[in-house]
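All remarks here apply to the structure that follows.
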2 protein chains.
Amino acid sequence: MNDPAITQTWLEAMAVHGARQTAARRAICEVLASAARAMEPLELFTESRKRCAGLGLVTVYRTLEILEELGLVARVHQPGGCNRYIRAAEGHQHLMICSACGKAEYFEGDDLSRLFQQVAGRSDFLVQDHWLQLFGLCRACQSASTS
Amino acid sequence: MNDPAITQTWLEAMAVHGARQTAARRAICEVLASAARAMEPLELFTESRKRCAGLGLVTVYRTLEILEELGLVARVHQPGGCNRYIRAAEGHQHLMICSACGKAEYFEGDDLSRLFQQVAGRSDFLVQDHWLQLFGLCRACQSASTS
DNA sequence: CTCCTTATTGATAATGATTTTCATTATCAA
DNA sequence: TTGATAATGAAAATCATTATCAATAAGGAG
């Protein structure tokens, strides 16, 4: 699914949820859907404002709240802070984040769920959910550090 | 290693680091070392104050900063917030958190590192670090929800 | 054991991110 | 086209965290 399609999907999902379709929301969704990195509210505000003059920061917060509530967008936790948002995973995927440029990419982690149950089975916990994130260097940043 | 021993280890590590041994720090370490759950600064403050009258919240923040810097304590990220701290893992361990009571427990995850490299190998990322946390129900809370 | 340097302390003020409030504006169903 | 009402932006309020600073206490030197 490409970026414009994602934006469309998000706006439709919001509509189903009873939320109106506005210029502000469209701008915010477009920016976030096409972002290669997780973005924080202020960045998202600055970028989205280029597409929707007069946009307010508060609207960014409110839109993120809805998108997160609908499971379309996810908050990303990093050593440097936990206020960045990115397109949510499709199915059993996990994030891999470049610690140099911030680029984020999902990878399939379907086979991991089973393992977690098993590993945790050694204790008395009943596992219901898991958070997994990998940090490293993307291809571009590997090359950059070599040269 | 039991709780008083952990406290002692922490205070000694802080001493090596050049930090003085004070009543405030001892109280904070004692509380955090014996905690079964990750605690937020304000909670830690309230509890520690019972052992060290007049303790200030600011000192809790400062002590946490040192303990984290020395790798003795780790920040815990949860859906409800990212401002809780807990005893750091020993070696390749990961956290398992009870979503009902908050109880946290470490489990061995040594064999997982290899898997992450492998899984990520499908992409162009060079994995350097990983964050893994499991959420579920501890034994006590499983029983509670059954009865 | 006492003194003295200096790290540590708590109270207060400042900061920065996020939320709330509210009057105005825009969406969209009828 | 119209009207009920959701959505908006500006400003104020809130909350956690950080910086400031004068008073205090830790702990090495003597």
Side-chain angles (χ1 to χ4, degrees), chain A residues 8 10-32 38-70 73-85, chain B residues 8 10-32 38-70 73-85:
Chain A
Q8 197 51 38
W10 288 1
L11 289 170
E12 280 164 14
M14 289 175 87
V16 169
H17 179 250
R20 292 177 181 171
Q21 199 153 327
T22 68
R25 287 176 179 163
R26 194 176 350 268
I28 294 167
C29 288
E30 282 172 358
V31 171
L32 197 49
M39 299 180 76
E40 44 188 23
L42 198 57
E43 286 180 294
L44 192 49
F45 165 67
T46 307
E47 279 308 307
S48 305
R49 208 179 159 81
K50 294 175 184 168
R51 293 168 185 250
C52 176
L55 172 70
L57 176 56
V58 187
T59 299
V60 173
Y61 276 100
R62 287 190 281 230
T63 303
L64 282 173
E65 188 182 2
I66 297 174
L67 289 171
E68 189 178 21
E69 190 182 323
L70 296 177
V73 150
R75 183 190 285 256
V76 175
H77 299 260
Q78 285 181 266
C82 307
N83 62 339
R84 305 184 99 95
Y85 292 81
Chain B
Q8 197 52 38
W10 289 1
L11 290 170
E12 280 163 16
M14 289 174 86
V16 168
H17 179 250
R20 292 177 182 173
Q21 199 152 326
T22 68
R25 288 175 177 163
R26 196 179 346 269
I28 294 166
C29 289
E30 282 171 357
V31 171
L32 196 50
M39 299 180 75
E40 46 188 20
L42 198 57
E43 287 180 293
L44 192 50
F45 165 67
T46 308
E47 279 308 307
S48 304
R49 209 180 158 83
K50 293 177 185 168
R51 293 169 186 248
C52 176
L55 173 70
L57 176 57
V58 185
T59 299
V60 173
Y61 277 100
R62 286 191 281 229
T63 304
L64 283 173
E65 189 182 1
I66 296 174
L67 289 171
E68 189 179 22
E69 190 182 324
L70 296 178
V73 151
R75 184 188 285 255
V76 175
H77 299 259
Q78 286 182 266
C82 308
N83 62 338
R84 305 183 99 95
Y85 292 82

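By convention in this document, chain letters (A, B, ...) are assigned in the order of the sequence lines, proteins followed by strands, and residues within each chain are numbered from 1. Scope of the values below: all heavy atoms of this structure, side chains included, with no hydrogens, waters or symmetry mates.
Checked against salt bridge (Lys or Arg N to Asp or Glu O under 4.0 Å), A:Arg84 has the following partners two or more places apart in sequence or in another chain: A:Glu40, A:Glu43. Evaluation of the salt bridge (Lys or Arg N to Asp or Glu O under 4.0 Å) rule for B:Arg51 yields B:Glu30 as partners, not counting sequence neighbours. Every residue meeting the side-chain hydrogen bond (donor to acceptor under 3.5 Å, both in side chains) condition with B:Glu12, not counting sequence neighbours, appears here in chain and number order: B:Gln8. A search for side-chain hydrogen bond (donor to acceptor under 3.5 Å, both in side chains) contacts involving B:Gln78 returns nothing, not counting sequence neighbours.
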Base-pair string, DNA chain C, Watson-Crick plus G-U, cut-off 3.5 Å on both distances, | for inter-strand, is ||||||||||||||||||||||||||||||

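Applying the salt bridge (Lys or Arg N to Asp or Glu O under 4.0 Å) definition to pairs two or more places apart or across chains, none involves residues 13-26 of chain A.
Considering every non-hydrogen atom in both A:Cys52 and A:Ala27, the closest pair reads CB-CB, 3.7 Å. Shortest non-hydrogen contact noted between A:Met14 and A:Cys29 is SD-SG, 4.4 Å.
Between A:Trp10 and A:Leu70, every side-chain heavy-atom pair lies at or beyond the 4.5 Å cut-off.
To the nearest 0.5 Å, atoms NE2 (A:His77) and SG (B:Cys82) are separated by 4.5 Å.
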For nucleotides 27-30 of chain D, list the nitrogen or oxygen atoms of the protein found under 3.5 Å from its nitrogen or oxygen atoms, one pair per line.
from, atom 1, to, atom 2, distance (Å)
D:dG27, OP1, B:Gln21, N, 2.7

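The stretch residues 50-70 of chain A comes close to DNA chain C through A:Val58, A:Tyr61, A:Arg62, each having a heavy atom under 4.0 Å from the strand.
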Could you list the donor-acceptor pairs under 3.5 angstrom formed between side-chain atoms of residues 55-68 of chain A and any protein atom two or more places apart in sequence or on another chain?
from, atom 1, to, atom 2, distance (Å)
A:Thr63, OG1, A:Thr59, O, 2.8

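Chain B approaches DNA chain C within less than 4.0 angstrom (heavy atoms of the protein), and the contacting nucleotides run 5' to 3' from C:dT6 to C:dT12.
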